[in-house]
There are 2 protein chains.
Amino acid sequence: MNEGEGAVPHNAPRGAGIREVARQAGVSTATVSRVFNNADSVNLETRQRVMELAASLNYSPSPLGRNLVQGRSSLIGLLVPNLSFPLYGEMIRAVEDVLSAHGMSVLLASSHDDAVTETRAAHNLLRHAVDGGIVINSQAGSGLPTVRGMNWVQVAPELPTVPHRVELDNESGGRLAARELLRCGRRQLAYVGAAGRESADRERGFAAELAQAGLSYRRFMGDYSEASGLMAAETLLKQDGEPSPDGIFAAGDLMAAGVLRTLHLRGLRVPADVAVVGFDDAVIASLLYPRLTSIRQPADLMGQAAAELVLSLLAGRPRPPQIFAPTLVCRESTGPPDQHSPALLSSAAPSPAFSLLEEEP
Amino acid sequence: MNEGEGAVPHNAPRGAGIREVARQAGVSTATVSRVFNNADSVNLETRQRVMELAASLNYSPSPLGRNLVQGRSSLIGLLVPNLSFPLYGEMIRAVEDVLSAHGMSVLLASSHDDAVTETRAAHNLLRHAVDGGIVINSQAGSGLPTVRGMNWVQVAPELPTVPHRVELDNESGGRLAARELLRCGRRQLAYVGAAGRESADRERGFAAELAQAGLSYRRFMGDYSEASGLMAAETLLKQDGEPSPDGIFAAGDLMAAGVLRTLHLRGLRVPADVAVVGFDDAVIASLLYPRLTSIRQPADLMGQAAAELVLSLLAGRPRPPQIFAPTLVCRESTGPPDQHSPALLSSAAPSPAFSLLEEEP
DNA sequence: TTGTAGGCGTTATCAC
DNA sequence: GTGATAACGCCTACAA
């Protein structure tokens, strides 16, 4: 954090400024400025002369001076917990698309999933006089630093004190998962979740839908990692006295990947013996074997909405929080059970058979 | 691209400035400035008074004014082809880490794999007076726009006119892949590549190593997508008269995923019948089934190096291009062949058996 | 339509 | 150690 380091040589030759252009064009700096801003209010001839001269001098207005006098930077801060998490990548992409299409640029920062770092990063964004900010899954929630009416938009579940928000209806995602498993005729269900509000919401929907069908379910709490998914399936299959699950809903695709792997290793077929539903529909979902049925979180649309919301706020037009509905993306990991070999295998007797789920195209 | 939109209300009340602090503290603005910069050269007592006042007025120096007078912005532009490509995510993360640790911020832009968009994005970065820029796999190569000695660092294979560069030794990656397959006793090899310089380099290394062992190989050209990997394996297995391959090197993990899937569907076991090596070692590699052996591209180190290089340039200390060596990450998709059932199955007779590669922990 | 002049918030160069 | 003061590059009333 040794800012600057005295490293930057600020003796770099500055290019031609507005004054030089004005002088050579025989006009005032004001006129040059107008040419680049209110192009209308200036004589066509003068304007062309200025433009040509500017081009030949390779001049364009410095954003630094402009920022200073206007008090804004055309910069939007984007604060992300983890830059290498694929779902965030999709959001970042959508945010950048929308903002750059509106002449704004994205100042990127990462919180490394850490509240202290997040605060520091937020301050850093403010230092650069961002006109607004988007923060994904904030740790601080309403505690984000702010100045002179700074506009923060959050992509996160509801928090009482955060007015500007884009969120996913996690509960209805849980419902979709339950319905899909029920549709496939599964009755022995299990939920693989994790700590935190999102998983809780997903589970609530899942449970509600099952209750409506008069069913209960077993649960295992992991941490969104593949390893915890491995362990989850391991544990669920091992429980003596209980019937082995024939349908598993994992609150994240990575955990679902772990579940699938354990099932393979146990010799259970998917979906013949056990159906699996993931959550997020990240890129990996369709690469798993079998291709994973997942509840899609429309990260692109959410990023887009967040960007549009922040632009709205800048324009002084607040919008109500926007809630996105997840959708079911049906792939190979769900389907009808195999009637001839019900999922009652002992976990001690792995079968080498693995079902082929696709014929060649 | 309707810049600004007249949307931003620039009537926002500006916070207390350096003058107000100076006035209330009974000192000059110069002293206040010194307090925040050369903290040493100011009387301890005065300094404390200023600090307290600044705190109570919630004052901190405006980067805008500072930027203007110093002619730099503490911003580094980062231009990426595709923000949702996982490997780039790792690089972006590394770049942000290094730069933020040095008090610089990251201005992010995407080229959408398009040369025109890239140029526009690069200009946009220049508009914001970035002190330097990093561009990953540039389309334009040396054609990047530049002003007043702007420093661009490229993460890309060698291009004659790009002086500041971080790159991967793709050829040696190809060698590693070949060696691993040879080590596993494979003799019927195939290369699945794609258009472009990177694939060509990887293939060159692969071919060289095989030639040294007196072997030739077959090849298929895809496009880095999973679909093209599917088709590659399909094609390679179908070639009549030729022995079926027992070792496949795919120039990208996604293509390797496609290869694996086709092998599954054909009833071929991995690695018993066919060994597979991918490239990049992206996150998905270890999620595939079986877990994919891959040539690791150290995206984190490369991002870090690019960031450090741009900082060096800013400090007036150029560095020679840095070349990174890929490494072999050995997982389950390579190993000894199964002696009892050599890989000579007809592609028309898929077997339902799928080898279990892991015992439970 | 154009020019004049003041100021945005800061740092840097002098003196003292 | 501190204080005037002059930039930095630009925008924008206001006046012409």
Side-chain angles (χ1 to χ4, degrees), chain A residues 3-4 6 8-23 25-50 54 57-74 126-129 147-148, chain B residues 3-4 6 8-23 25-50 54 57-74 126-129 147-148:
Chain A
E3 177 179 340
V8 180
H10 48 274
N11 48 2
R14 306 192 181 214
I18 196 174
R19 271 184 277 270
E20 184 61 14
V21 176
R23 194 181 61 76
V27 298
S28 75
T29 63
T31 300
V32 176
S33 174
R34 277 188 280 260
V35 168
F36 282 89
N37 299 300
N38 328 311
D40 317 338
S41 72
V42 53
N43 183 298
L44 181 61
E45 191 181 326
T46 338
R47 190 181 139 209
Q48 284 194 336
R49 189 156 32 100
V50 170
L57 263 57
N58 195 19
Y59 166 84
S60 75
S62 155
L64 267 43
R66 174 181 288 170
N67 288 346
L68 180 61
V69 70
Q70 292 185 153
R72 61 193 163 92
S73 60
S74 300
L126 293 179
R127 280 191 41 238
H128 283 282
V147 291
R148 45 158 205 149
Chain B
E3 177 180 339
V8 181
H10 49 275
N11 48 5
R14 307 194 181 211
I18 197 173
R19 272 184 275 270
E20 184 62 14
V21 176
R23 196 182 60 76
V27 298
S28 75
T29 62
T31 300
V32 176
S33 175
R34 277 189 279 260
V35 167
F36 282 89
N37 298 300
N38 328 313
D40 318 338
S41 73
V42 55
N43 183 297
L44 182 60
E45 191 179 326
T46 340
R47 191 181 137 209
Q48 283 195 337
R49 189 154 34 98
V50 170
L57 262 58
N58 195 19
Y59 165 85
S60 74
S62 156
L64 267 42
R66 175 181 311 201
N67 289 346
L68 180 60
V69 70
Q70 293 187 152
R72 58 190 164 93
S73 61
S74 300
L126 293 180
R127 278 193 42 239
H128 283 283
V147 291
R148 43 156 206 149

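Just so you know, these numbers come straight off a predicted model, no measurement behind them. A, B, ... follow the sequence lines: proteins, then strands. Residue 1 opens every chain.
One finds the OG atom of B:Ser73 at 10.5 Å from the CG atom of B:Leu64 (value rounded to the nearest 0.5 Å). Here OG of B:Ser62 is found 12.0 Å from CG of A:Leu126. Values are rounded to the nearest 0.5 Å. Distance check: B:Asn43 CG to B:Gln48 CD gives 9.5 Å after rounding to the nearest 0.5 Å. Note that the OG1 atom of B:Thr31 and the CZ atom of B:Arg47 stand 13.0 Å from one another [nearest 0.5 Å].
Whole-Å rounding puts the B:Arg66 CZ to D:dG9 C1' distance at 18 Å. The separation between A:Phe36 atom CZ and D:dT12 atom P is 15 Å, rounded to whole Å. Atom CG of B:Leu44 and atom P of D:dG1 are 11 Å apart (whole Å). One interatomic measurement links the two molecules: CG of B:Leu64 to P of C:dT11, which rounds to 12 Å at whole-angstrom precision. One interatomic measurement links the two molecules: CD of A:Gln70 to P of D:dC8, which rounds to 20 Å at whole-angstrom precision. Straight-line distance from the CD1 atom of B:Ile18 to the P atom of D:dG3: 12 Å, rounded to whole Å. Atom-to-atom, CG of B:Asn67 to P of D:dC10 comes out at 14 Å; the value is rounded to the nearest Å. If you take CD of B:Gln48 and P of D:dG1, they are 15 Å apart, rounded to a whole angstrom.
Side-chain N/O atoms of A:Ser33 include none lying less than 4.0 angstrom from OP1 or OP2 on D:dC10. For A:Asn37 and D:dC11, the shortest distance from a side-chain N or O to OP1 or OP2 is below 4.0 Å. Checking the phosphate oxygens (OP1, OP2) of C:dG9, no side-chain nitrogen or oxygen of B:Ser62 falls inside 4.0 Å.
With sequence neighbours left out, the side-chain contact (heavy atoms from CB on, under 4.5 Å) criterion links A:Asn38 to A:Arg34, A:Ser41. Residues passing the side-chain contact (heavy atoms from CB on, under 4.5 Å) test with B:Ser60, sequence neighbours excluded: none. Qualifying side-chain contact (heavy atoms from CB on, under 4.5 Å) partners for B:Ser33, counting only residues two or more places apart in sequence or in other chains: B:Ile18, B:Asn37. Looking at residues two or more places apart in sequence or on another chain, you find a salt bridge (charged side-chain N to carboxylate O under 4.0 Å, His left out) between A:Arg23 and A:Glu20.
Across the interface with DNA chain D, nearest-nucleotide mapping of B:Ser41 and B:Arg19 shows B:Ser41 to be the residue nearer the 5′ end.
Rounded to 10°, the angle separating the first-five-pair axis and the last-five-pair axis of the helix from C:dT1-D:dA16 to C:dC16-D:dG1 equals 30°.
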What pairs of nitrogen or oxygen atoms, one from the protein and one from nucleotides 3-6 of chain C, lie under 3.5 Å apart?
| unit_1 | atom_1 | unit_2 | atom_2 | d |
| --- | --- | --- | --- | --- |
| C:dG3 | OP2 | A:Ser28 | N | 2.9 |
| C:dG3 | OP2 | A:Ser28 | OG | 3.3 |
| C:dG3 | OP2 | A:Thr31 | OG1 | 2.7 |
| C:dG3 | N7 | A:Arg34 | NH2 | 2.8 |
| C:dG3 | O6 | A:Arg34 | NH1 | 3.3 |

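In this structure, of C:dT10, C:dA12, D:dT12, it is C:dT10 that holds the atom nearest to the side chain of B:Tyr59.
Side chains of A:Thr46 and A:Val27 form a contact here, defined as non-hydrogen atoms less than 4.5 Å apart.
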